[in-house]
Every structure is written in C-alpha cells, then in structure tokens.
Amino acid sequence: MAGDYVWIEGIPFPTTTMEDLRSMQDEFVARDEDIIIISYPKSGTNWISELIHLVHTRGDPSWVQSVVKWKRSPWLDNTFGLEDIKQQQEDPRFYTSHLPIQFFPKSIFKSKAKCVYITRNPRDILISGYYFWKAIKATKNPGSLEEYFEWFLQGNVPYGSWFDHVGGWLQMRGKENFLFMLYEELHQDIRASVEKVSQFLGTKLSPEELDSVLKNVTFQAMKDNKMSNFSLVPDIHMDHRKAHLMRKGIIGDWKNHFTVAQSEAFDKVYQEKMAGVPPGLFPWE
Ligand SMILES: Nc1ncnc2c1ncn2[C@@H]1O[C@H](COP(=O)(O)OS(=O)(=O)O)[C@@H](OP(=O)(O)O)[C@H]1O
C-alpha cells in the first residue's frame, strides 16, 4: 500500500525523508570539491546524474555499470544517504537532492561545491510523477489523473510545488558554481549538453571519451543498466509491477493525457505563478 507524506513546514515529503531537515541544514559540512545534482522529482535527475558520472570517468562505463546510482550519488534528503555522503573520504563526493532551496545545507552556499540543477516542462513532470508515485511506497498513491492534476497545481505532491521549487533555485542562476540544465536541452542536443557539463566540471574529454559518454547515456542504455534503471530498488520501497523509472523518456507526453480544459487550467496557473520569471527562459512557455 502506498504511504502518505511527512509534512515539514507545509511541504509534503516522501516518508523516507529525514524529519529533522533543519538540523541537517545547519550541521552538514560541504566540501569545495563536492558535485551536487539538484532537481524537483521527475525532471531528469537520473539522466543528468548518469551523464555527470560518465564525464567524471571520462566515458568509462565500469562505474555506472557496477555501482547502483544511489551509492554513486547518495540522497542528501534521507538519513541513509546522508551517512553515505559523510563517510566518503575520496573527493569529489557526488550527491543528489530534491530539496527546495530553503532546506539546503547552509555550508553549500558558502563553498565552491558545484551544483547542477535540472528541470523540465512541468506538464511532463506531472505525467511522469503520476505514473511513478503509484509504485513508490513512501509517497501517496496518485489515484486518478484528475485528482493528481489538482494536487500538482496545489503543490500537494512530493517536495511541494514545482513553481516554488524552480522559483527558489532560479535565484542561484548566474552564480559561477551553479549550472542550470533543461531535460529538453539534453533531448535536443545531447552532445552539446555533455560538452557544457564537462566544461562546467573542468573535465576536457577527448572525442573518443565524449562518444563513450554519449553511447552510455541514451534512454536504451540506461534502461538496460540495472545499476541505473531502479530495478534494484528493494521491494519494500518500490512495487516494480506498477511502474519503472525508465518509462517513455520523451518530450510532450502531457499532450497525450491532458484534456483541453486541463491544459487551459495549467496555463493559467503557470502564468500566475511564473509571472516574475524572465520570458524565454524555458522553451515550453
Ligand atoms: N537517458 C534518458 N533519456 C530520456 N529520458 C530519460 C533518460 N533517463 C531518464 N529519463 C526520464 O526521466 C524521467 C525520470 O526523472 P528523474 O530521474 O528525475 O526521476 S526521479 O525523480 O529521480 O524519480 C522519466 O521520464 P518519463 O519517461 O516521462 O516518466 C525517465 O524516462
């Protein structure tokens, strides 16, 4: 049976999230060498993580094929992930977070840690989450799409409102150690995306290394890689009969799901909530 949420300061989190986020925020010690992947759920977190890990190994797939993703980039947001991060001696440490900016460890903002924030058309995020949360035991079962659609617009979904999450993290745009990426840009030009990320990380790849990264970050390669496709998530956390991480991997699946009325309702909320965001920043507007 799917669970409910743990509510922390008005935001619903999966029940696997540590309850004392505020203590973690004060106590966590970032290192300048850290590489942090940040996203609202279902934005392409695992795609950009895989890409970053492969850039780090210069296209050698042995790490991504032998270590599960949540050990390569543990979750900052839960106690087990945090322990893994703290115990890592070697630099750089990689870790992942879906946290809204107001819960992020303060030391990260004072460090030179490199942060990559990825986002995606929120309409596609809604659909991706609608299917995925059905399988995840630490989140509430979405029920019908009509119902989930309303929850999403209200921010009554894991990690709260997409609008608030993106709005918060956009404050970091332009900072030297922050890179903003879009799922859609990875789709449109994956080679240019790999080059952009490798430049940000300070890793110059040879043409052969770049080709090997490209070969291993395709939807099919990740779907076939059990260390990346979530098939090894224990049954106590995920019902593998109900959904897979690697679902469709396309742009615009929302068009196969939204009614005209839903599409209009979404646009209205989007325009209200994103009024302060510079026009043209996102390709889906
Ligand atoms: N390589 C590649 N190419 C294209 N698309 C990809 C790729 N890797 C992951 N995905 C798609 O990303 C969606 C999952 O997002 P996240 O990784 O952020 O999910 S999670 O929040 O960590 O659960 C999910 O999107 P949907 O298919 O729309 O559900 C995945 O299919």
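In this chain, numbering begins with 1 at the start of the sequence shown. When a ligand or atom number is given, it counts from 1 through the structure's own listing order.
Per-residue contacts place V217 under 4.0 angstrom from the following atoms of ligand 1 (heavy atoms of the residue considered): 1 (N). Annotation for ligand 1: atoms under 4.0 Å from non-hydrogen atoms of M222 are 1 (N), 8 (N). The contact set between ligand 1 and M246, taken as ligand atoms under 4.0 Å from a residue heavy atom, comprises 7 (C), 8 (N), 9 (C), 31 (O). Ligand-side atoms of ligand 1 in range of T218: 1 (N), range being under 4.0 angstrom from any heavy atom. Near T45, with a cut-off below 4.0 Å to any heavy atom, the atoms of ligand 1 are 16 (P), 17 (O), 18 (O), 21 (O), 22 (O). Against a heavy-atom cut-off of under 4.0 Å, F132 is close to the following atoms of ligand 1: 23 (O). Those atoms of ligand 1 that come under 4.0 Å of a heavy atom in G44, given as number and element, are 15 (O), 16 (P), 17 (O), 18 (O). With ligand atoms numbered from 1 in the order given, ligand 1 contributes 21 (O) to contacts under 4.0 Å with heavy atoms of P41.
In terms of protein heavy atoms, atom 30 (C) of ligand 1 is closest to L245 O, 3.4 Å. Among protein heavy atoms, the minimum distance from atom 23 (O) of ligand 1 is reached at K42 NZ, 2.9 Å. Distance from atom 29 (O) of ligand 1 to its nearest protein heavy atom, with residue and atom name: S128 OG, 2.7 Å. Atom 5 (N) of ligand 1 has as its closest protein heavy atom Y183 OH, 2.8 Å.
Under the 4.0 Å criterion applied to side-chain N and carboxylate O atoms, R191 and E195 are not assigned as salt-bridge partners. Using a cut-off of 4.0 Å between Lys/Arg side-chain N and Asp/Glu carboxylate O, R93 and D84 are scored as not salt-bridged. Using a 4.0 Å cut-off between charged nitrogen and carboxylate oxygen, R58 and D60 do not count as a salt-bridge pair.
Under the 4.5 Å side-chain contact rule for hydrophobic residues, L182 and F219 share a cluster.
Between the side chains of W162 and S43, no donor N or O sits under 3.5 Å from an acceptor N or O. Side-chain contact check for T17 and D77: no donor-acceptor pair (N or O, by modelled atom type) lies under 3.5 Å.
Taking each heavy atom of W133 and P41 in turn, the nearest pair found is CZ2-CB, 3.7 Å. What you find for I11 and G160 is that their closest heavy atoms are CG2-N, 3.7 Å. Contact detail for D124 and D253: the closest heavy-atom pair is OD1-N, 3.0 Å.
The cationic atom of K223 (NZ for Lys, CZ for Arg) does not lie both less than 6.0 Å from the six-membered ring centre of W47 and within 45° of the ring axis.
At a 3.5 angstrom cut-off on N or O pairs, D124 does not count as close to ligand 1. The N/O atoms of N46, backbone and side chain alike, include one that comes under 3.5 Å of an N/O atom in ligand 1. Between Y40 and ligand 1, no N or O atom pair is found at a separation short of 3.5 Å.
At least one heavy atom of H98 sits less than 4.0 Å from an atom of ligand 1.
The aromatic rings of F180 and Y117 lie tilted to each other, with the angle between the two planes from 30° to 60°.
Between R120, H244, R247, it is R120 that holds the heavy atom closest to atom 13 (C) of ligand 1.
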